[in-house]
S.K.: 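Here it is, the structure, as structure tokens.
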Amino acid sequence: MAASTSQHALISIKPAAPAASFSCGKRAGNARFVSATGCCPGSRKFGLVCAANSQSSVIEPVHLPSSPESGSTPKKSGESALILIRHGESLWNEKNLFTGCVDVPLTPKGVNEAIEAGKRICNIPVDVIYTSSLIRAQMTAMLAMMQHRRKKVPIIVHSESERAHQWSQVYSEETKKQSIPVVTAWQLNERMYGELQGLNKQETADRFGKDQVHEWRRSYDIPPPNGESLEMCAERAVSYFKDQIVPQLVAGKHVMIAAHGNSLRSIIMHLDKLTSQEVISLELSTGIPMLYIFKEGKFIRRGSPAGPSEAGVYAYTKKLAQYRQKLDGM
Ligand SMILES: O=C(O)[C@H](O)COP(=O)(O)O
């Protein structure tokens with residue numbers, strides 16, 4: 001199997017390994033997730049506190065935005081929207097370099113992708129945004145939200161120190177209603193690509209063989225040299241999703257996650273119950289939003305909203321259609 005690029009498909013399941021068939025909602029086979037048991041040393045590196053210590057920064061955003069009167073989102077509606085978006089093209093995507101946890105910004109094309117992604121989701125409610133601690137995901141989230149018709153202001157929640165937290169408080173309830181908290185979490189970072197970080201993907205394939213490089217890039221449990229496998233990435237990303245993000249959805253909050261090819265692959269693997277064989281073929285394009293509806297404890301995949309007026313998304317759920325009508329009336 002040739003090393004595949006992840007640039008051309010929204011969320012495509014390619015015919016990869018023999019007998020790997022994809023069916024949405026199929027039970028997981030040998031996919032397994034282990035809860036993170038401690039703080040990643042990387043949390044210090046990124047200047048962020050670990051999940052266990054950052055409860056307030058994650059929980060607090062629930063109080064920040066909106067009430068139904070503010071044109072925001074219905075509470076306890078029994079369903080919530082979950083938007084996943086891989087960051088737009090980065091400078092190292094453009095150069096075809098392994099990036100991992102190296103913190104590089106978007107290219108102009110990536111900026112455009114983020115803006116276009118924002119247009120696709122501009123009618124879908126968002127109450128809280130989660131991004132990784134990396135600038136390419138944060139830029140994508142911000143640029144996308146600039147397109148939203150509700151025109152709320154995304155505000156990064158700073159939790160790196162008590163002072164940063166205190167000094168970024170907002171003292172107007174009205175202003176808070178017009179804001180969307182943006183929670184940054186290292187757990188959503190791209191998989192750490194180890195000694196491949198900074199290497200050219202094509203040159204690496206030429207040197208080590210394309211099968212070896214494909215195994216490093218797409219297998220579930222084989223890590224690149226001194227890096228994280230998808231399984232290791234899932235241990236932190238899926239644990240964070242379950243511990244911090246699912247409670248928001250359960251509380252009726254609509255959530256957007258801007259993250260990375262592999263941290264999102266691990267979350268999608270969990271949501272769609274893909275097996276470790278099936279996930280090999282899962283590819284995510286840069287800057288394409290994907291919508292899930294969380295209802296009665298289940299995640300229903302709705303694909304990618306094709307545009308701001310895509311009928312299917314709004315026809316599918318009454319609540320989204322009502323939200324859209326409200327925006328039309330504003
Ligand atoms: O970290 C990277 O290089 C990319 O964001 C993802 O790379 P991959 O498609 O090789 O996993």
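In listed order, ligands and their atoms are each counted from 1. This one's a predicted model, so the numbers in the text were calculated from it and none came from an experiment.
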S.K.: I'd like to know if Gly261 contacts ligand 1, where contact means a heavy-atom distance under 4.0 Å to any ligand atom.
M.R.: no
S.K.: With atoms numbered from 1 as shown, which atoms in ligand 1 lie under 4.0 angstrom from a non-hydrogen atom of Thr99?
M.R.: 1 (O), 2 (C), 3 (O)
S.K.: Consider ligand 1: state whether an atom of it lies below 4.0 angstrom from any non-hydrogen atom of Leu97.
M.R.: yes
S.K.: Contact between ligand 1 and Lys201 is defined here as a heavy atom of the residue under 4.0 Å from a ligand atom; is it met?
M.R.: yes
S.K.: Who passes ring pair (Phe, Tyr, Trp, His ring centres under 6.0 Å) against Trp92, sequence neighbours left out?
M.R.: none
S.K.: Taking the basic N atoms (NZ, or NE/NH1/NH2) and the acidic carboxylate oxygens, is any pair closer than 4.0 Å for Arg236 and Glu228?
M.R.: yes
S.K.: Under the salt bridge (Lys or Arg N to Asp or Glu O under 4.0 Å) test, which residues partner Glu190, sequence neighbours left out?
M.R.: none
S.K.: Return the OG1 to NE2 distance between Thr140 and His260, rounded to the nearest 0.5 Å.
M.R.: 8.5 Å
S.K.: Please confirm whether Phe98 comes within less than 3.5 Å of ligand 1 when only nitrogen or oxygen atoms on both sides are compared.
M.R.: no
S.K.: Using heavy atoms and a 4.0 Å limit, tell me yes or no: is His214 in contact with ligand 1?
M.R.: no
S.K.: Heavy-atom distances under 4.0 Å decide this one: backbone, side chain, both or neither, for Arg86 against ligand 1?
M.R.: side chain
S.K.: For Glu79 and Lys319, run salt bridge (charged side-chain N to carboxylate O under 4.0 Å, His left out): C-alpha distance rounded to whole Å, both residues' side-chain angles, the deciding distance at 0.1 Å, then the answer.
M.R.: CA-CA 8 Å; Glu79 70 178 40; Lys319 293 285 174 195; over 6 Å; no
S.K.: Under the criterion side chain to side chain donor-acceptor pair (under 3.5 Å), which of Lys326, Arg149, Gln325 is the partner of Asn123?
M.R.: Arg149
S.K.: Would you call His260 a ligand 1 contact, heavy-atom distance under 4.0 Å?
M.R.: no
S.K.: Taking Thr107 as the fixed residue, which of Arg136, Glu113, Glu89 is the one that meets the side chain to side chain donor-acceptor pair (under 3.5 Å) rule?
M.R.: Glu89
S.K.: Decide whether Asp272 and Tyr292 meet the rule of one side-chain donor and one side-chain acceptor closer than 3.5 Å.
M.R.: yes
S.K.: What atoms of ligand 1 come closer than 4.0 angstrom to any heavy atom of Arg217?
M.R.: 8 (P), 9 (O), 10 (O)
S.K.: Counting only heavy atoms closer than 4.0 Å, does ligand 1 sit against the backbone of Tyr193, its side chain, both, or neither?
M.R.: side chain
S.K.: Under 4.0 angstrom from ligand 1, any heavy atom of Arg218?
M.R.: yes
S.K.: Find all atoms of ligand 1 within a distance of less than 4.0 Å from any non-hydrogen atom belonging to Asn262, and give their numbers and elements.
M.R.: 6 (C), 11 (O)
